[in-house]
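Computed from heavy atoms alone, side chains included, the values below leave out hydrogens, waters and symmetry copies. Computed from a predicted model, the values in this text were never measured in an experiment.
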Amino acid sequence: MIIENPDDLTRAVLAEVERTPDARLRRILHSAVQHLHGFVRDSELTEAEFRQLCGAIAKAGHLTTPSHNEVVLAAGSLGVSALVCLMNNGEGGRRETTANLMGPFWRMGSPVTPDGGSIVRLRTPGDPVFVDARVRDQAGHPVAGAEVDIWQASGEGYYENQDPQQGDMNLRGKFVTDGEGHIRFRTIKPSGYPIPVSGPVGALLRAQGRHNMRPAHIHFMIRKPGFKTQFSQRRCHVGRRWLQHRQVALRFRRWQTDFW
């Protein structure tokens, strides 16, 4: 095919996409080409801007390590990860959902903790908190016997695998819901914390005049055979100052709670 104009180019690339045997991959590539080409047209992307964009993507890859994923951080800042959650939970976004992404600080092997026990494994500064949470199915019925992993940052904004001053598995625990779907545990108020700003995501936030603070939150991972594993985060009152313009877009009412 002779390329004579931008539309010819897009049609030629889409024709090559049609050769992809896997139907799902073919659909994803088809949509990606259409939207990427549309982005270039709509933004009237210059050659210098194209080189800058490619450089940012390459740098995000170079900065990604086993403990930090700059690409996922960018997806959160642009609302992509939140959109994936909405599209894959809550009936495709038609109803509220507490679903969220797991985040980078989960660890396998959290200590099994009795109901009402504490996840504070050693002396840790912070105001005491008692959490009484309930797991329900889509119909609102309690889910008994579900395994719930809990993890959170300290009052200084660090997870224990970031902070050598904290003991192993501090502020982590594994619980099992009772017959009413309840778990209860004691902890301390977490603190909000900054995300790294030395890479492309930091440059993006500065360009938009956005802060780099994540509001205080507690993570929940809920598992039971026959159910989809769910990740959730409860935003805390102590982090509300960062809720209006969060680093990770966007905020949802079902993710928020008050800790007094």
* Given side chains that start at C-beta, do those of Arg223 and Asp149 come closer than 4.5 Å, heavy atoms only? -> yes

* To do: Scan side-chain atoms only and decide if Glu156 and Ser191 contain a donor-acceptor pair under the 3.5 Å cut-off.
  => no

* To do: Work out which heavy atom in Asp7 is nearest to a heavy atom in Arg41; give both atom names and the distance.
  => OD1-NH2, 3.4 Å

* Checking Gln152 side chain against Tyr159 main chain: does a donor-acceptor pair fall under 3.5 Å? -> no

* **Heavy-atom pair of closest approach, residues Ser81 and Gly76** => OG-CA, 3.2 Å

* To do: Kindly indicate, with the supporting measurements, whether the criterion salt bridge (charged side-chain N to carboxylate O under 4.0 Å, His left out) is fulfilled by Arg107 and Asp168.
  => CA-CA 11 Å; Arg107 287 184 64 192; Asp168 188 47; 2.9 Å; yes

* How long is the span from the CD1 atom in Ile188 to the CG atom in Asp127, to the nearest 0.5 Å? -> 8.5 Å

* **Electrostatic pair Asp22-Arg27, nearest N-O below 4.0 angstrom** => no

* Donor-acceptor under 3.5 Å (Ser31 side chain, Ile28 main chain) -> no

* With rounding to the nearest 0.5 Å, note down the distance linking CG in Leu14 to CZ in Arg19. => 14.0 Å

* To do: Locate the shortest heavy-atom distance separating Val197 from Arg206; write the atom from each residue and the value.
  => O-NH1, 3.1 Å

* To do: Indicate yes or no: at least one non-hydrogen side-chain atom of Arg121 is less than 4.5 angstrom from one of Leu171.
  => no

* Ring centroid separation His217 to Tyr193 under 6.0 Å -> yes

* Asked: If you look at every heavy atom in Pro142 and Gly181, which pair is closest and at what distance?
  -> CB-N, 3.9 Å

* Main-chain N/O of Ala144 paired to Lys224 side chain as donor or acceptor, under 3.5 Å -> yes

* Structure fact -> Here the gap from Gln165 atom CD to Leu122 atom CG, rounded to the nearest 0.5 Å, amounts to 10.0 Å

* Structure fact -> Those residues at least two apart in sequence (or on a different chain) that pass side-chain contact (heavy atoms from CB on, under 4.5 Å) with Leu9 are Ile3, Val13, His37

* To do: May I ask you to test the Asn5-Asp8 pair for a side-chain heavy-atom distance under 4.5 Å?
  => yes

* Asked: Can you tell if the side chain of Leu63 reaches within under 4.5 Å of the side chain of Val201, non-hydrogen atoms only?
  -> no

* Could you grab the distance from atom OG of Ser154 to atom CD of Gln166, nearest 0.5 Å is fine? => 4.5 Å

* To do: Would you indicate whether Glu180, at its atom CD, is surrounded by more than 12 heavy atoms from other residues, nucleotides or ligands within a distance under 6.0 Å?
  => no

* If you measure from CD on Glu160 to CZ on Phe105, what distance do you get to the nearest 0.5 Å? -> 10.5 Å

* Is the backbone of Ala146 close enough, under 3.5 Å, to the side chain of Thr177 for a donor and an acceptor to pair up by distance? -> yes

* Asked: Counting N and O atoms only, with roles assigned by atom type, does the side chain of Arg172 sit under 3.5 Å from a partner on the main chain of Gly109, one being a donor and the other an acceptor?
  -> no

* Asked: Side chains of Asn170 and Thr124: donor-acceptor distance under 3.5 Å anywhere?
  -> yes

* To do: Could you check if a side-chain atom of Lys174 sits within less than 4.5 angstrom of a side-chain atom of Glu147, using non-hydrogen atoms only?
  => yes

* Structure fact -> Note: Arg136 and Val143 closest approach over all heavy atoms is C-CG2, 3.7 Å

* Path from Ile119 to Met169 over hydrophobic side-chain contacts below 4.5 Å -> no

* Can you find a pair of side-chain heavy atoms, one from His219 and one from Phe231, that are under 4.5 Å apart? -> no

* Asked: Would you say Asp115's side chain and Arg184's backbone share a donor-acceptor pair under 3.5 angstrom?
  -> yes

* Would you please indicate yes or no on a ring centroid separation below 6.0 angstrom for Phe185 and Phe130? => no

* To do: Would you check if the side chain of Arg210 reaches a backbone N or O of Leu204 as a donor-acceptor pair within less than 3.5 Å?
  => no

* **In one Ile/Leu/Val/Met/Phe/Trp/Tyr side-chain cluster, 4.5 Å: Val72, Leu205** => no

* Asked: Side-chain heavy atoms under 4.5 angstrom apart, residues restricted to Ile, Leu, Val, Met, Phe, Trp, Tyr: same cluster for Ile57 and Val40?
  -> yes

* Structure fact -> The ring-ring contact (aromatic ring centres under 6.0 Å, His included) partners of Phe39 (sequence neighbours excluded) come to none

* Asked: Okay, side chain of Thr113, backbone of Pro111: is any donor-acceptor separation there less than 3.5 Å?
  -> yes

* Side-chain contact, heavy-atom cut-off 4.5 Å: His68 with Ile195? -> no

* **More than 12 heavy atoms from other groups under 6.0 Å of CZ on Phe227** => yes

* If you group Ile, Leu, Val, Met, Phe, Trp and Tyr by side-chain heavy-atom gaps below 4.5 Å, do Leu83 and Leu36 land in one group? -> no

* Gln230 and Asn89: side-chain donor and acceptor closer than 3.5 Å? -> yes

* Does the side chain of Thr46 pick up a donor-acceptor pair with the side chain of Glu49 at under 3.5 Å? -> yes

* **Cluster check Tyr158, Ile218: I/L/V/M/F/W/Y, side chain < 4.5 angstrom** => no

* Polar side-chain atom of Glu70 near backbone of Lys59 as donor-acceptor pair, under 3.5 Å -> no

* Which residues share a ring-ring contact (aromatic ring centres under 6.0 Å, His included) with Phe220, sequence neighbours left out -> none

* How long is the span from the CG atom in Leu53 to the CG atom in Leu45, to the nearest 0.5 Å? -> 6.5 Å

